[in-house]
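Note sheet for the following structure.
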Amino acid sequence: LTLEQRLRRALERGEFVLYYQPQVDVVSGKLLGMEALLRWKHPEAGIIPPLKFIPIAEETGLILPIGEWVLRTAIAQNVAWQRKGLSHLRIAVNLSGRQLLQENLVERVKTILEEEQMEGKWLELEITESVAIHDLELTIRVLSEFKKMGVHIAIDDFGIGYSSLSYLKLFPIDTLKVDQSFIRDSLHNAENGTIVSTIIGLARDLNFLAIAEGVETEAQYEFLKEQACTGIQGYLISRPLPAAEMTTLLNLVH
Ligand code: G
Ligand code: G
Ligand code: MN
Ligand code: NA
């Protein structure tokens with residue numbers, strides 16, 4: 001079987017799972033939200049990370065049904081946590097370029113929110129810079145529709161794409177996610193430290209939240225706190241967790 005055929009079969013057989021990674025407020029230490037991250041739970045190979053199959057899913061268009069499954073599953077899970085009184089958090093879902101170009105994306109998301117009975121304000125959609133600027137007019141139109149629904153927009157992996165900064169004022173953005181490559185040695189590499197503080201300052205001046213990704217050490221946390229970053233996400237707080245483990249964590253902190 002080709003990888004495409006195997007992906008199709010995986011979707012039919014329910015082999016995809018979502019992991020959830022918490023995001024924490026830098027000042028209060030409280031949960032701010034979480035990001036849903038896709039994995040393929042292969043019966044023989046075990047957990048396969050998205051970088052191994054998302055490129056093929058994008059090329060073949062399978063990312064559309066897979067992406068729809070991701071949205072529905074993440075939203076349904078978040079509603080389940082909210083109904084149990086465990087959390088009222090925003091859940092972030094990654095969107096691929098192919099999804100953004102999809103004719104009826106806004107309608108699909110609206111339908112899923114209605115069917116699962118979640119308000120738009122509890123959803124954040126993450127898109128990368130390169131995806132966002134591919135077709136400026138389309139992106140502005142789609143993101144504005146999401147904005148009307150109360151859905152939040154995050155720019156993912158910020159800083160590594162093609163950063164003409166002018167697009168930042170064209171889109172209704174809520175959050176900049178500082179790419180983990182800058183966080184990794186922000187303390188040992190002066191340039192990276194400067195880039196991190198500049199991105200955080202830019203977010204503040206434009207009234208966006210700043211979330212630092214890939215935070216692994218207390219020293220990085222302290223640095224980000226000094227820079228008045230809004231939130232952090234990374235192994236220091238928690239690895240991405242299967243739903244059951246996230247439920248346990250929510251029970252512990254709520
Ligand atoms: O979880 P991990 O660090 O392995 O994710 C690697 C990459 O895969 C990240 O860039 C992330 O944005 C992407 N990714 C994870 N889940 C999804 C998803 O549901 N849809 C899309 N399009 N990308 C995802
Ligand atoms: O969507 P995005 O490209 O931001 O995906 C985030 C990816 O980073 C996920 O695959 C997640 O598993 C991974 N990740 C999350 N926290 C950390 C961390 O602290 N260190 C490293 N190396 N990777 C992380
Ligand atoms: Mn992401
Ligand atoms: Na990222």
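Since this is a predicted model, take the numbers as computed values, not measurements. When a ligand or atom number is given, it counts from 1 through the structure's own listing order.
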At under 4.0 Å between heavy atoms, what of Ile54 touches ligand 1? The answer is side chain
Closest to atom 3 (O) of ligand 2 (judged by heavy-atom distance), picking from Thr128, Val93, Asp157: Asp157
Would you say Asp157 reaches the Mn ion (ligand 3) with an N/O/S atom under 2.8 Å? no
Those atoms of ligand 2 less than 4.0 Å from some heavy atom in Val215: 19 (O)
For Ile48 and Phe53, the nearest pair of non-hydrogen atoms, with its separation, is O-CE2, 3.4 Å
Looking at non-hydrogen atoms alone, which of Glu213, Gln220, Gln180 comes nearest to atom 7 (C) of ligand 2? Gln180
Which is it for Asp156 and ligand 1 at heavy atoms under 4.0 Å: side chain, backbone, both or neither? side chain
Rounded to 10°, the OD1/Asn94 to the Mn ion (ligand 3) to OE1/Glu126 angle comes out at 80°
Numbering the atoms of ligand 2 from 1, which are under 4.0 Å from a heavy atom of Gly234? 16 (N), 19 (O)
Glu126, portion touching ligand 1 at heavy-atom distance under 4.0 Å: neither
Only heavy atoms of Pro240, strictly under 4.0 Å: list the atoms of ligand 2 that pass. 12 (O)
Shortest non-hydrogen contact from Arg39 toward Pro50: NH1-CD, 3.4 Å
Check whether any heavy atom of Glu58 sits under 4.0 Å from an atom of ligand 1. no
Among Tyr19, Phe158, Tyr235, closest by any non-hydrogen atom to atom 18 (C) of ligand 2: Tyr235
Could you identify the N, O or S atom of Glu35 positioned closest to the Mn ion (ligand 3)? OE2
Using the side chain to side chain donor-acceptor pair (under 3.5 Å) rule, pick out the option among Gln102, Arg108, Gln99 that qualifies with Glu68. Arg108
Report all side-chain donor-acceptor pairs from residues 242-249 shorter than 3.5 Å, counting only partners two or more places apart or in another chain.
unit_1	atom_1	unit_2	atom_2	d
Thr247	OG1	Trp81	NE1	2.9
Thr247	OG1	Ala243	O	2.9
Thr248	OG1	Ala244	O	3.1

Heavy atom to atom 12 (O) of ligand 2, shortest distance: which of Gln21, Glu35, Arg39 holds it? Arg39
Side chains of Gln21 and Glu35: donor-acceptor distance under 3.5 Å anywhere? no
Does Glu213 bring an N, O or S atom to within less than 2.8 Å of the Mn ion (ligand 3)? no
Please list every donor-acceptor pair under 3.5 Å in which a side-chain atom of residues 8-17 meets a protein atom from a residue at least two apart or in another chain.
unit_1	atom_1	unit_2	atom_2	d
Arg8	NH2	Glu4	OE2	2.9
Glu15	OE1	Trp40	NE1	2.9

Just heavy atoms, cut-off under 4.0 Å: does Leu38 contact ligand 1 by side chain, backbone, both, or neither? both
